[in-house]
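For reference, the structure is listed below as structure tokens.
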Protein chains: 2
Amino acid sequence: MPTPGKGDRYHHGDLRAALIEAAIELIREGGVSGFSMSEASRRLGVAVSAPYAHFADRNDLLAAVAVRACEVFYREMLQEIGKARDPADRLAAIARCYVRFAGFNRPLFEVLFTGRIDKRGHPEVEEAERPLDDTLLEIVRAVSGEDPLSSDDLATAAEAAAHGHAMMLLDGDFGDGDAAIEEAAQRASAATLALIEGRRLLSRRSAPKT
Amino acid sequence: MPTPGKGDRYHHGDLRAALIEAAIELIREGGVSGFSMSEASRRLGVAVSAPYAHFADRNDLLAAVAVRACEVFYREMLQEIGKARDPADRLAAIARCYVRFAGFNRPLFEVLFTGRIDKRGHPEVEEAERPLDDTLLEIVRAVSGEDPLSSDDLATAAEAAAHGHAMMLLDGDFGDGDAAIEEAAQRASAATLALIEGRRLLSRRSAPKT
DNA sequence: GTCTATATCCCGATAGAC
DNA sequence: GTCTATCGGGATATAGAC
């Protein structure tokens, strides 16, 4: 009865991949804390002990979800960045992308950016995060040009603005549905541009000679 | 043995208040999800059933903590605002205050701003939040003056910036200790000012007649 | 208002059979 | 790789005595 390839009991099926999918679905329904190994097993119709053949423990499975999250986010980020040439517009595009990712891939976003997963013993996660950080830093440097100190400042401020809008979106502050997501993304983008302009203005004021 | 007033078993003591304190301490140690009625009872040396004489359920206790959080935050906010006259500086002061509150009163901040507590049947919480919202809106209006539409935009952007910095602080992105808190607060304040200036600049560009 | 005792449920993780 | 069975733990909440 258990068909090899895809069956109803995951005998010889790809239980590992199915567990990741199930975890994402559970997180969608009840947040990271709403995910449990037992419930995932129940959903898939396997024994509660089955997952431990593929993941050392609960945190190990969450780490796999986090890696997936990085991959998805990175892909979408590159795509969105490609549409713009101006560095400031690119940074705004990242903010837009960040918020959209939060709205359209809420479970992945939560695991990656609010999910406090234990990274000890999971270097894969930090490795998957690196391309994201690198890309952000590269663009931020293109925006603020010369001064490396100011780059870090801008990176932090932009990240905070994007993160703030994303959290407010997930909190329901913009309402529900796709329209809410796009509004939040648009505002994050606009805020990022305003941030860039405002910083230029203020730094010019405090150091008029430059 | 059980001394009325203050004893080691809270017989005739103020168990209700003690439970709120215990809840805050537990949240400090393990986040909102790290708080439980049973553990709080254990810490106070009372039976697990005792809390239910004062709170209908777990969520009811959390709501009480949220109300306390509003009170503390509001008080600190008023104090910080009083130091500045210029509306922009006041808004920056709110951002600074928001981040400091997150850093110095982490448990209260988490319950109020990230703690997803169920507000159904707890109008007291939303009522306690109102003064906060009102004060923010009042100051934001003073900043952006005329245009009421732009006021809402600015309020959202400022809130997002403050929230973003606060979350990054709690995430350890600025390091640990008081210095980290002050750095995050300072950055949130600076970002808020930049945001205000940048918005003025960009709106002037798109509508040069004004 | 507090206690004892209990019902009910869910969780993570492991041992050993197949 | 998966199953059955189980251990050990912790949670919420209620009933009834004092």
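These numbers were taken from a predicted model, which means no experiment stands behind them.
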May I ask you to check whether S33(B) and S33(A) show a side-chain donor-acceptor distance below 3.5 Å?
-> no

Does N59(B) use its side chain to pair, donor to acceptor, with the backbone of D118(B) at less than 3.5 Å?
-> yes

Polar atom pairs (N or O), protein with nucleotides 12-16 of chain D, under 3.5 Å:
unit_1, atom_1, unit_2, atom_2, d
dT12(D), OP1, M37(B), N, 3.1
dT12(D), OP2, M37(B), N, 3.1
dT12(D), OP2, S38(B), N, 3.1
dT12(D), OP2, S38(B), OG, 2.9
dA13(D), OP2, Y52(B), OH, 3.4
dA13(D), OP2, R58(B), N, 3.3

May I have the distance from D60(A) (atom CG) to dG12(C) (atom C1'), rounded to whole angstrom?
-> 14 Å

Expected list for residues 164-173 of chain B: side-chain donor-acceptor pairs under 3.5 angstrom, two or more places apart:
unit_1, atom_1, unit_2, atom_2, d
H165(B), ND1, A161(B), O, 2.9
D171(B), OD1, R116(A), NH1, 3.0

Could you tell me whether A53(A) contacts a base, only the sugar-phosphate backbone, or nothing, with contacts defined as non-hydrogen atoms closer than 4.0 Å?
-> base

Among Y98(A), F73(A), F104(A), find the one that has a ring pair (Phe, Tyr, Trp, His ring centres under 6.0 Å) with F109(A).
-> Y98(A)

Can a salt bridge be assigned to the pair R100(A) and E80(A) using a cut-off of 4.0 Å between side-chain N and carboxylate O?
-> yes

Between R42(A) and dC11(C), is there a side-chain N or O to OP1/OP2 distance below 4.0 Å?
-> yes

How close or far is atom C1' of dG10(D) from atom CZ of R43(B), stated in whole angstroms?
-> 14 Å

Distance in angstrom units between H54(A) NE2 and dA13(C) C1', rounded | 16 Å

Does M37(A) offer a backbone N or O that forms a donor-acceptor pair with the side chain of S41(A) under 3.5 Å?
-> yes

